[in-house]
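Predicted model, so just to flag it, every value in this text is computed and none were measured. Below, read A as the first sequence line, B as the second, and so on, with proteins coming before strands; counting in each chain starts at 1.
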Amino acid sequence: MKHVSEPTISAMGEAALLCESPRSSNDEDQFRVWEMSRIVEKWPYVRETVPGVNNLLVIFDPQAVTAREVHTALRRVWSEAAGRAPAGRLIEVPVIYGGDDGFDLPEIAAHAGMTQAEVVALHSGAEYVVYAIGAVPGFPYLAGLDPRLAKPRRNVPRVKVEGGAVMLAGVQAGILPVTSPSGWHVLGRTSLSLFDPFASPPVVLQPGDRVRFTVEELKA
Amino acid sequence: MIEVLASGPLVSIQDQGRSGLRRFGISSAGAMDSLALAVGNILVGNDPGAAGVEITASNFRALFCENIAFALSGADGSASLDGLDLPPDWVIGARAGQELSLRVPKKGMRVYMTVAGGIDVPEVLGSRSTDVKSGFGGMQGRSLVAGDRLQHFPRPDVISLPPLGFGVKPFALPNDLVEPDDRDVTLVRAIPAAQHDNFSSTAQSSFWSTDWSLRPDSNRMGLRLAGPELMPLEHTELLSHGILPGVVQVPPSGQPIIQVSDANTCGGYPKMAVVIGADLWRLGQVRLGGKIRFVKATQESAVVALADQKAYLARVAKASRLARRL
Amino acid sequence: MKTADLSDLASYAARKGIEFIEIEVEGQRYQLLVSTDVQYGEINRPSNQPAGSFIRSMAIGVLRATHPLRRTPAIAVGSAVRKGQIAAYLETGELLLPVTATDDGIVLKQLELEGNLVGYGTRLFALDPATEFPLTPEGIG
């Protein structure tokens, strides 16, 4: 049997466990998380599962089962689950980069030791995979960011970033569907709507979808 | 129908929130003091999860346009129904034409108004709660303003109430969780979380012993605490992962933030501890400038606390049914 | 009926705050008017004023003059109370029932201690009924 690394499983209060890949962000563990989510959400004492970036949050009824039992079960499922890359759709996201719409672009470029145009070329030249949806409604955590563009989250989050912001933080890329506080860095803006509470489904992107950014305009 | 005559910026329709949608980034929203909403609903004969009005540190006035039973729960808003003083955790039948007025509570932060049948606004994504952050649900995704008309679902049975109504005793906290009134410190139980031991022992002991102040930029997304800076032993970037109301994050600023009802569903900051489910309602009653101190708990004690609360609500339901037969 | 029995009956009535008993025993009808000794304090009452009135308990319960979530009692000795106001609470289990003020007046004395178990009809507060109460401009008849 193929050796599978042990996950890190920690308690998050009395009614949830977080199961994390021990490795840095990778496709194989993300597919495993998606498969685990499908299995675990059917367990009778599980209220909800929340797939994250190479991790799975499992929310359960603590009056029906102990954390220890859930912990043991999750450890087993991690080693058994081996997902496949789903056949996701390709979504194109048009972006106005820089200027007032991408006010962090100069800093991202400086941090990477590149020009703003080079940053834009690297960002829009990649194909990203939607690893997870979370934080705010419809927000995609995108894998595939060129590591040269990586920059740690801001020390102090901004109280308000407008919906439509195209952003990055750490090694992750994302798109902000609704106006909200954020500690991420903003490269540009898109007019594509990713969330509508009255639509069915309410959220446009799903884990497994692929995303490509296109350069609508570069204001540098 | 109930007409809002005067309202404040933090008055919104809330039920017990949305569930099962965190994987889409949709927060639970819902009443910050979920226990008060449940009590208020039980008093008027509703399901504990019916929609009511969350009135946060506001003066509030409403006109009853029909005979309807309503209840006030949570903090004491020095309520008056046409001049009749009403205590908190109380239900009474209003007559058409009577006016209710509430003031900013001197103690606590949120008053809940529930009406027989529950507030009738469209469900959005399975709940009538207002998601203030994303602007949907409740009353068109916004706070209530003067002129708003609140409809309620019809009541199949007639509630018979004593003329001055009746009330219930508040939930009795264990003695070791209650500080003297004048100290304005709320003790909440919390379970150490995944990055707790990544902090120095000085930082850890600061976390558990400080009377943290609630900063004025606190809101339904997060309670921002002011106090000693908590520094991790080393800076790590965590991959984004699901988080829950109750999670106490420590961002690089070193000042903890307690995630609450409208918090983001995922985050990446270090997690020091998680407030137990049974104590989340207490966070909804801490005033700006008030203090919070964390008390270490375990999964076992947290589960006992949940059972205690469930038992209290069952006693409230029984008392309520009894009172309506008197 | 023997004197001793009447005396027992009177004591019982006094303890329960019952003012008037009418019974028939062996063809004889007895009426008992029980007068309990109530101190009215320093307030000077003109002799043509009606006798004091009382706020009574209308159920069995533990008397709570102060609501559990408040710091001051619902009505204060020496202050005015209005007919129809909540004067106190009776606690049974988790339930709190309101005790209604049945008259306008000034609160003269709290007759039962906070935390006492009281019964139906127990006198809880003595009131001096208002004669020139601003809220009843036509005066008390």
Looking at A/R148, I want to see if its CZ is surrounded by more than 12 non-hydrogen atoms of other residues, nucleotides or ligands under 6.0 Å. no
So which part of B/V303 gets closer than 4.5 Å to some heavy atom of chain A, the side chain, the backbone, both or neither? both
State whether a side-chain donor-acceptor pair under 3.5 Å links A/T49 with B/R22. no
I'd like to check the salt bridge (Lys or Arg N to Asp or Glu O under 4.0 Å) partners of B/R142; sequence neighbours left out, ordered by chain and number. B/D148
Side chain to side chain contact (heavy atoms under 4.5 Å, CB included) with A/P202: of B/L125, B/L21, B/V124, only one passes, and it is B/L125
Rounded distance [0.5 Å steps], OG in A/S180 versus CG in B/N264: 5.0 Å
Chain B contact via A/Q206 - side chain, backbone, both or neither, heavy atoms under 4.5 Å: neither
With heavy-atom distances below 4.5 Å as the criterion, would you say the side chains of B/R23 and A/S37 are in contact? yes
In Å, rounded to the nearest 0.5 Å, how long is the span from CD of A/E20 to CG of B/L239? 8.0 Å
Under 4.5 Å from any heavy atom of chain B - which part of A/R154: backbone
Between A/P51, A/A132, A/P140, A/G183, which residue shows the highest count of heavy-atom pairs closer than 4.5 Å to chain B? A/P51
Does B/Q299 reach the main-chain N or O of A/E14 with its side chain, forming a donor-acceptor pair under 3.5 Å? yes
Side chain, backbone, both or neither: which part of A/V136 has an atom under 4.5 Å from a heavy atom of chain B? both
Where is the tightest heavy-atom contact between B/S134 and A/V178, given as atom of each residue plus distance? OG-CG2, 3.9 Å
Less than 4.5 Å apart, any side-chain heavy atom of A/V159 and any of B/D217? no
Residue pairs, two or more places apart or on separate chains, that pass ring-ring contact (aromatic ring centres under 6.0 Å, His included) and touch residues 13-70 of chain A: A/F31-A/W34
As an exercise: rank A/F198, A/F139, A/F195 by heavy-atom pairs under 4.5 Å with chain B and give me the winner. A/F195
Give me the atom names and distance for the closest heavy-atom approach of B/K133 to A/A135. NZ-O, 3.7 Å
Among B/S301, B/G268, B/G267, the residue with the most heavy-atom pairs under 4.5 Å to chain A is B/G268
B/F136 portion near chain A, given a 4.5 angstrom heavy-atom threshold: side chain
Within this structure, what is the OG-NE2 distance for the pair A/S10 and B/H241, rounded to the nearest 0.5 Å? 8.0 Å
Compare every heavy atom of A/P137 with every heavy atom of B/I26, then report the nearest pair and how far apart it is. CG1-CB, 4.0 Å
Would you give the length of the straight line joining atom CG of B/L238 to atom CG of A/N54, rounded to the nearest 0.5 angstrom? 13.0 Å
Expected contact set for residues 66-77 of chain A against chain B at heavy-atom separation under 4.5 Å reads A/T66, A/A67
Which atoms of A/L57 approach chain B - backbone, side chain, both or neither, heavy atom under 4.5 Å: side chain
Sort by residue number and list every member of residues 269-276 of chain B having a non-hydrogen atom under 4.5 Å from chain A. B/Y269, B/K271, B/V274, B/I276
Most heavy-atom pairs under 4.5 angstrom with chain B, which of A/G134, A/P181, A/G52? A/G134
Would the number of heavy atoms belonging to other residues, nucleotides or ligands and lying under 6.0 Å from NZ of B/K318 be above 12? no
Which atoms form the tightest heavy-atom contact between A/P62 and B/L306, and what is the distance? CG-CD1, 3.7 Å
Note: vs chain B, highest number of non-hydrogen pairs under 4.5 angstrom among A/L56, A/L18, A/V156, A/T179 is A/L18
When rounded to the nearest 0.5 Å, the distance separating CD1 of A/I59 from CG of B/L244 is 4.5 Å
Short question: side chain of B/S240, backbone of A/V53 - any donor-acceptor pair under 3.5 Å? no
